[in-house]
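The structure under discussion appears below in the form of structure tokens.
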Amino acid sequence: KNGYLVITHHLRDNVLNNSALLHADNSFCGDDQIPVITTKSKISGFYNSIYNSFLSMPSWFALDGAPVRIPFTMRIPSWVENAKLTVNAEQPKEYHAGGFSTIERRFKDGDVVELDIDMKPRAEKRTDAGINVYMGPLLYSVDIDENVEIIKDQFKTSVAFPAYNVTPASKWNFGLPENPEITVVNTGKKGFPWTPDSTPVKLKVTAFEIPEWRLLGDTTPGLPEEKIQVSSECEEIEMVPSGCTRIRMTTLPVVEYCK
């Protein structure tokens with residue numbers, strides 16, 4: 001109510017960074033990939049994005065005075081398949097995935113614009129013979145156990161601020177079929193989300209071990225050739241958001257099973 005637009009971030013479970021732009025004509029543009037800004041306006045807005053298997057993006061309006069007619073624009077991510085864009089939970093509005101959708105109307109104090117997205121997991125093939133797994137905007141990595149060693153013989157490490165050498169303690173050398181089976185697992189974890197054990201959402205994915213794909217000393221090898229043939233049995237691996245990991249295997253080879 002102080003005559004300024006203030007956009008804030010809330011960290012609950014895993015989140016998207018959200019903010020809003022104010023156009024020169026005093027219209028709003030909501031965008032989830034830009035820095036937070038504060039700018040003068042007669043309208044206050046508030047974003048709150050909660051990541052789970054379902055994403056809700058409500059924006060509340062607080063007006064100093066009478067209703068005002070403005071266009072409100074939201075960027076709809078390209079990965080969106082099923083979404084609902086509403087004002088005050090009324091009839092859903094049309095939206096355009098991979099672009100900007102605008103609602104132009106008279107907004108009054110207390111109005112709520114909400115974008116609800118069902119975030120389905122998906123596998124996306126890359127151009128370099130690799131494949132990535134996503135859920136909504138989040139990129140997932142293989143959940144790898146860790147061997148952690150404190151480095152003591154380096155001048156930049158100390159007791160107060162130690163350096164670590166982290167290496168894999170479990171299998172990481174997996175490949176995925178072009179259309180892997182992906183199951184969403186809600187762990188029920190709350191609070192700090194940035195470790196594999198505390199993330200609120202994991203994915204179980206069908207994969208094949210590639211025994212001959214190994215570390216080159218301490219270096220991760222490049223991807224094997226496209227559609228490498230494997231004879232190992234299919235197994236189910238766990239994947240976690242890439243931001244939760246310290247060592248990560250994120251881009252996996254595309255494999256083809258052969259007996």
Main-chain N/O of [Y] paired with [X] side-chain donor or acceptor, under 3.5 Å:
X: N132; Y: T250; value: yes
X: T157; Y: I151; value: yes
X: S232; Y: E209; value: yes
X: K189; Y: D197; value: yes
X: S78; Y: A97; value: no
X: N173; Y: I210; value: yes
X: T245; Y: R248; value: no
X: W79; Y: R122; value: no
X: R106; Y: P67; value: yes

From CA spacing to verdict: side chain to side chain contact (heavy atoms under 4.5 Å, CB included), I103, V113: CA-CA 9 Å; I103 299 173; V113 178; 4.1 Å; yes

Heavy-atom neighbours of [X] [atom1] exceed 12 at 6.0 Å:
X: K84; atom1: NZ; answer: no
X: Q154; atom1: CD; answer: yes
X: F161; atom1: CZ; answer: no
X: E181; atom1: CD; answer: no
X: R69; atom1: CZ; answer: yes

With the 4.5 Å side-chain cut-off for hydrophobic clustering, are [X] and [Y] part of the same group?
X: I237; Y: L138; value: yes
X: I131; Y: F208; value: yes
X: I247; Y: V240; value: no
X: V185; Y: V205; value: no
X: V80; Y: L139; value: no

Within a strict 4.5 Å, meaning less than it, do heavy atoms of the [X] and [Y] side chains meet?
X: W213; Y: P211; answer: no
X: F174; Y: E235; answer: yes
X: M119; Y: E81; answer: no
X: M135; Y: V184; answer: yes
X: Y140; Y: V201; answer: yes
X: W172; Y: L215; answer: yes
X: E212; Y: I228; answer: yes
X: V230; Y: E256; answer: no

Gap between atom NZ of K202 and atom SG of C244 - 0.5 Å precision: 9.0 Å

Straight-line distance of L85 CG to K93 NZ, nearest 0.5 Å: 8.5 Å

Verdict with reasoning, M74 to S101, per side chain to side chain contact (heavy atoms under 4.5 Å, CB included): CA-CA 5 Å; M74 297 190 74; S101 295; 5.6 Å; no

Under the ring pair (Phe, Tyr, Trp, His ring centres under 6.0 Å) test, residues paired with F107 that sit two or more places apart: F61

Any side-chain donor near an acceptor of the partner, N88 and D111, under 3.5 Å: yes

Side chain to side chain contact (heavy atoms under 4.5 Å, CB included) between E238 and L203, intermediate numbers included: CA-CA 6 Å; E238 284 192 346; L203 300 178; over 6 Å; no

Pair N147-V166, side chain to side chain contact (heavy atoms under 4.5 Å, CB included): steps then yes or no: CA-CA 6 Å; N147 283 320; V166 184; over 6 Å; no

For A123 against I182, the heavy-atom pair lying closest together: N-CD1, 4.2 Å

NZ/NE/NH1/NH2 to OD/OE distance under 4.0 Å, R105 and E90: yes

